[in-house]
Amino acid sequence: LVPVRDDFAAAHTRFWKRLSSPGAWWTGDERVAIAAEVRQARHCALCQVRREALTPAAVEGEHDHHGTLPAAAVEVIHRVVTDPGRLSRKWCKDILDAGLSAEQYVEIIGTLVAMVSIDSFCRGIGVPLHVLPEPQPGAPSSYRPPGAVQEDAWVPMIPVDRATGAEADLYGGQAVGNVVRALSLVPDEVRTLYDLSAAHYLPMGQVRDPCAAAGASTRMQIELIAGRVSALRQCFY
């Protein structure tokens with residue numbers, strides 16, 4: 001048996017509750033469907049062929065999917081899960097031109113990141129994946145933060161000096177990496193990232209502290225594992 005700290009279970013439970021509820025741009029049913037599609041992408045025949053191809057776009061076909069989400073949403077989920085190292089600005093533009101809004105795109109990414117983190121944790125310690133929650137009724141809030149602006153990124157983000165009002169809590173008044181700001185068009189996705197990071201990695205406010213550590217691992221051990229996983233996932237961060 002692997003001893004597991006209580007904060008892991010608590011963070012996972014909080015995400016599961018949020019996953020089942022309406023978000024900013026997707027309903028509870030759609031958010032749970034996004035989570036199911038994240039798991040389905042690992043078994044998609046088209047994704048496996050594309051991953052081996054020199055150019056993914058040269059391989060035509062249809063994803064093996066559950067049939068509940070728009071095609072553009074399925075493409076985002078499957079490509080980010082299976083071949084994230086070769087995404088491009090043109091690919092993102094094509095996705096948005098196909099009818100997916102930037103806000104919907106960001107909410108998918110935030111949900112996907114949380115799902116991959118939690119499922120990878122379960123696989124790593126050898127326990128079954130959590131059963132997906134029952135969706136809760138209600139409509140999305142359609143909330144778009146007023147501080148979000150288009151910079152050089154693929155989607156609008158909130159600059160540090162514009163994180164005010166309802167978004168005053170997002171950055172803690174300090175500089176943060178673009179990997180965090182990339183989710184800020186849907187502020188609750190940043191908050192979810194912070195919540196899971198505090199258990200799976202470090203509280204965001206401690207990331208820049210070279211002496212910060214969590215649990216039984218030293219900071220050097222944490223960064224060795226993080227660097228190795230990033231290399232395997234082709235993450236340039």
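In this structure the side chain of Ile34 reaches within 4.5 angstrom of the side chain of Leu69, judged on heavy atoms. Side-chain atoms of Ile222 and Tyr201, non-hydrogen and from C-beta on, do get closer than 4.5 Å to each other. Arg86 is not listed as a side-chain neighbour of Trp91, based on a closest heavy-atom distance of 4.5 Å or more. When side chains are defined from C-beta on, Thr111 does not count as touching Trp26, because their heavy atoms never get closer than 4.5 Å. Between Trp16 and Pro133, the closest side-chain pair of non-hydrogen atoms falls below 4.5 Å. In this structure the side chain of Leu46 never reaches within 4.5 angstrom of the side chain of Glu62, judged on heavy atoms. Proximity of Tyr171 to Ser184: side-chain heavy atoms (C-beta onward) are separated by under 4.5 Å at one or more points.
Under a cut-off of 6.0 angstrom, the local environment of CG in Asp97 is crowded, with over 12 non-hydrogen atoms contributed by other residues, nucleotides or ligands. In the displayed structure, Arg89 atom CZ is contacted under 6.0 Å by more than 12 heavy atoms of other residues, nucleotides or ligands. Annotation for Arg42: atom CZ does not count as buried by contact number, only 12 or fewer foreign heavy atoms lying within 6.0 Å.
Between His43 and Asp64, the shortest heavy-atom contact is O-OD2, 4.0 Å. Here the shortest heavy-atom pairing between Ala114 and Leu196 reads CB-CD1, 3.5 Å. Smallest separation of non-hydrogen atoms from Val32 and Pro135: CG2-CG, 4.0 Å. Shortest non-hydrogen contact noted between Arg191 and Asp188 is NH1-OD1, 2.8 Å. Smallest separation of non-hydrogen atoms from Pro187 and Leu170: O-CD2, 3.8 Å. Val160 approaches Val176 most closely through the heavy-atom pair CG2-N, 4.4 Å.
When hydrophobic clusters are built by joining Ile, Leu, Val, Met, Phe, Trp and Tyr residues whose side-chain heavy atoms come closer than 4.5 Å, directly or via intermediates, Ile77 is not grouped with Leu129. Under the 4.5 Å side-chain heavy-atom criterion for Ile, Leu, Val, Met, Phe, Trp and Tyr, Val106 and Met157 are members of distinct hydrophobic clusters. Residues Val229 and Val179 fall into different hydrophobic clusters, defined by Ile, Leu, Val, Met, Phe, Trp and Tyr side chains chained together at heavy-atom separations under 4.5 Å.
At a threshold of 4.0 Å, the pair Arg219-Asp209 does not count as salt-bridged, since none of the basic side-chain nitrogens sits closer than that to a carboxylate oxygen. Here Lys90 pairs with Asp94 in a salt bridge; the nearest charged N to carboxylate O distance falls below 4.0 Å. A salt bridge links Glu151 and Arg181; the closest N-O separation between the charged side-chain nitrogens and carboxylate oxygens is under 4.0 Å. Comment: Arg31 engages Glu189 in a salt bridge, judged by a side-chain N to carboxylate O separation of less than 4.0 angstrom. Salt bridge status for Arg50 with Asp83: absent, with no side-chain N to carboxylate O gap under 4.0 Å.
Aromatic ring pairs are classed by plane angle as parallel below 30°, tilted from 30° to 60° and perpendicular above 60°; the pair His78 and His63 is tilted.
With hydrogens and angles disregarded, a donor-acceptor distance shorter than 3.5 Å links the side chain of His65 to the backbone of Gly67. One N or O on the side chain of Gln104 and one on the backbone of Ser101 form a donor-acceptor pair closer than 3.5 Å. When atom types are taken as modelled, the side chain of Thr55 and the backbone of Ala58 share no donor-acceptor pair closer than 3.5 angstrom.
The OG atom of Ser230 lies 11.5 Å from the CD1 atom of Ile225; values are rounded to the nearest 0.5 Å. One finds the CG atom of Asn178 at 9.5 Å from the CG atom of Asp152 (value rounded to the nearest 0.5 Å). To the nearest 0.5 Å, atom CD of residue Glu52 and atom SG of residue Cys47 are 12.0 Å apart. Between Tyr105 atom OH and Ile95 atom CD1 the span is 8.0 Å, to the nearest 0.5 Å.
A donor-acceptor pair shorter than 3.5 Å can be found between the side chains of Arg18 and Thr192. For the residue pair Trp25 / Glu30, no side-chain donor-acceptor distance below 3.5 Å is found, with atom types taken as modelled.
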Residue pair Leu87, Arg79: steps toward the side chain to side chain contact (heavy atoms under 4.5 Å, CB included) verdict: CA-CA 8 Å; Leu87 302 180; Arg79 282 296 303 278; 3.6 Å; yes
Ile109/Val155 under side chain to side chain contact (heavy atoms under 4.5 Å, CB included): CA gap, chis, key distance, verdict: CA-CA 12 Å; Ile109 297 299; Val155 295; over 6 Å; no
Worked verdict on Ile118 versus His130 for side chain to side chain contact (heavy atoms under 4.5 Å, CB included): CA-CA 9 Å; Ile118 293 172; His130 302 309; 3.4 Å; yes
Working for side chain to side chain contact (heavy atoms under 4.5 Å, CB included), residues Glu134 and Ser20: CA-CA 6 Å; Glu134 287 295 321; Ser20 66; over 6 Å; no
Let me check something: any side-chain donor-acceptor pairs from residues 141-150 under 3.5 Å, sequence neighbours excluded? List them with distances.
unit_1, atom_1, unit_2, atom_2, d
Ser141, OG, Tyr143, N, 3.3
Tyr143, OH, Glu167, OE1, 3.0
Tyr143, OH, Glu167, OE2, 2.9
Arg144, NE, Glu103, OE2, 2.8
Gln150, NE2, Ala153, O, 2.8

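Between His12 and His200, the distance separating the two ring centers is shorter than 6.0 angstrom.
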